[in-house]
Amino acid sequence: MRLTSLLSMAAKAAFPHDYRFGTNRPWTVAARRLNPPGKKRRKVFVEPVTKEDWSVFRGDVVEILSGKDKGKQGKVTQVFRHRNWVMVEGLNTHYRYVGRSGDYRGTYVANEAPLLLNDISLIDPTDRKPTETQWRFTEEGERVRVSVRTGRIIPKPLFQRKDGIIPQQWKDGPKDTSPEDALQKTYTPSLKTLEEEVMEKMNIQEDRRSRRSYWY
């Protein structure tokens, strides 16, 4: 199955009204374990935030406003819009043992817990302090985030792939194929078979024709 088909299926997926979203993808085993079939869960009330009003994205630098890591700043690594959650790199961590068996106590690992959107605040790049933001339009008509305190535009973070490459900052090397060469049409489709195309390229003349066959 193509990736586009899977993405379209995931986009059109319908969930029960009492489905409880978590930090795992809905089709994973962990999410199915959290929402077993036939089990009714208590409804979780989430403050509705429209897609247009959402102002925190992956890669933003934020400051925690409450909790044990209050006043610390970090980078947002994951965003969960169904629950108004964000994950901040290295903050709000919970420690536990993994792989405990017999006399072996397991490996002590740290897991980052999600934070509510109301418990964090974006950092103003002017003075590196938390600030409230608003969506406004520039003279060119571009919709941008603006700091309420200083009026400074807070640009959206650049998208970074899993391999660490930022497409907007990528520069082609000597061995990279340029976009112009990649988009250039070098093949002309025809109704000829591969053998006929090869014979035409090599100037091979063939007068014989295969007999017509019938399948009864």
Side-chain angles (χ1 to χ4, degrees), residues 1-51 53-123 128-130 156-170:
M1 184 176 292
R2 288 175 171 266
L3 179 60
T4 53
S5 302
L6 291 174
L7 293 177
S8 61
M9 290 171 59
K12 298 178 182 178
F15 300 99
H17 67 279
D18 57 348
Y19 184 86
R20 180 170 295 184
F21 290 93
T23 57
N24 301 292
R25 304 288 185 180
W27 53 84
T28 59
V29 177
R32 293 173 183 172
R33 192 183 300 116
L34 183 65
N35 296 275
K39 183 178 180 180
K40 293 186 177 181
R41 306 294 300 270
R42 186 177 60 182
K43 183 176 179 58
V44 177
F45 294 93
V46 180
E47 181 181 357
V49 180
T50 61
K51 185 178 180 181
D53 295 336
W54 189 273
S55 59
V56 180
F57 304 97
R58 187 175 62 177
D60 279 327
V61 179
V62 298
E63 181 173 319
I64 300 179
L65 303 178
S66 62
K68 62 178 182 178
D69 292 329
K70 179 180 179 180
K72 296 182 179 180
Q73 299 180 3
K75 182 184 293 186
V76 176
T77 56
Q78 295 184 51
V79 175
F80 306 94
R81 298 193 180 185
H82 290 289
R83 297 289 296 271
N84 291 351
W85 284 348
V86 295
M87 290 272 201
V88 183
E89 185 178 7
L91 297 178
N92 196 35
T93 54
H94 294 237
Y95 298 90
R96 63 192 181 96
Y97 287 97
V98 177
R100 181 179 298 178
S101 62
D103 298 335
Y104 179 63
R105 64 178 183 178
T107 306
Y108 196 55
V109 297
N111 292 327
E112 299 163 353
L115 289 161
L116 276 173
L117 194 64
N118 296 331
D119 295 336
I120 63 170
S121 179
L122 278 172
I123 296 298
R128 306 295 297 176
K129 292 182 180 180
K156 284 186 179 181
L158 297 176
F159 172 74
Q160 183 176 357
R161 301 189 323 195
K162 292 183 178 180
D163 54 2
I165 295 176
I166 300 177
Q168 292 84 349
Q169 298 179 354
W170 176 260

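Remember, it's a predicted structure, so these values are computed and weren't measured experimentally. Values below: all heavy atoms of this structure, side chains included; hydrogens, waters and symmetry mates excluded.
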- Query: With distance as the sole test, does Lys156 use its side chain to make a donor-acceptor pair with the main-chain N or O of Gly59 at under 3.5 Å?
  - Reply: no
- Roughly how far, to the nearest 0.5 Å, is the CG atom of Asp163 from the CD1 atom of Ile165? 4.0 Å
- What are the two closest non-hydrogen atoms of Asn92 and Pro114, and how far apart are they? ND2-O, 3.3 Å
- Neighbour count above 12 (heavy atom, 6.0 Å) for Arg58 CZ: no
- Scanning both residues in full, the closest heavy-atom pair of Arg20 with Val44 reads NE-CG2, 3.5 Å
- Query: So, the side chain of Asn84 versus the backbone of Glu47: is there a donor-acceptor pair under 3.5 Å, distance only?
  - Reply: yes
- Task: Kindly state each residue pair satisfying side-chain hydrogen bond (donor to acceptor under 3.5 Å, both in side chains) with at least one member in residues 70-81, sequence neighbours excluded.
- Result: Glu63-Gln73, Asp69-Lys72
- Item | Any side-chain heavy-atom pair of Leu115 and Ile64 under 4.5 Å | yes
- Task: For the pair Asp60 (side chain) and Phe57 (backbone), establish whether a donor and an acceptor sit closer than 3.5 Å, ignoring hydrogens and angles.
- Result: yes
- Message: Side chains of Ile123 and Pro130, heavy atoms from C-beta outward: is any pair under 4.5 Å?
- Response: yes
- Message: Can you pull out every ring-ring contact (aromatic ring centres under 6.0 Å, His included) where at least one residue sits in residues 74-96? Sequence neighbours excluded, please.
- Response: Phe21-His82, Tyr95-Tyr108
- Nearest atoms (heavy-atom pairs only) where Asn24 meets Ala30: ND2-CB, 3.5 Å
- Message: Run Val56 and Ile120 through side chain to side chain contact (heavy atoms under 4.5 Å, CB included) and show every step you take.
- Response: CA-CA 9 Å; Val56 180; Ile120 63 170; 4.2 Å; yes
- Message: If I compare all heavy atoms of Leu122 with all of Ser55, which pair ends up nearest, and what's the gap?
- Response: CD1-O, 3.5 Å
- Task: May I have all residue pairs that pass salt bridge (charged side-chain N to carboxylate O under 4.0 Å, His left out) and include part of residues 91-119, sequence neighbours excluded?
- Result: none
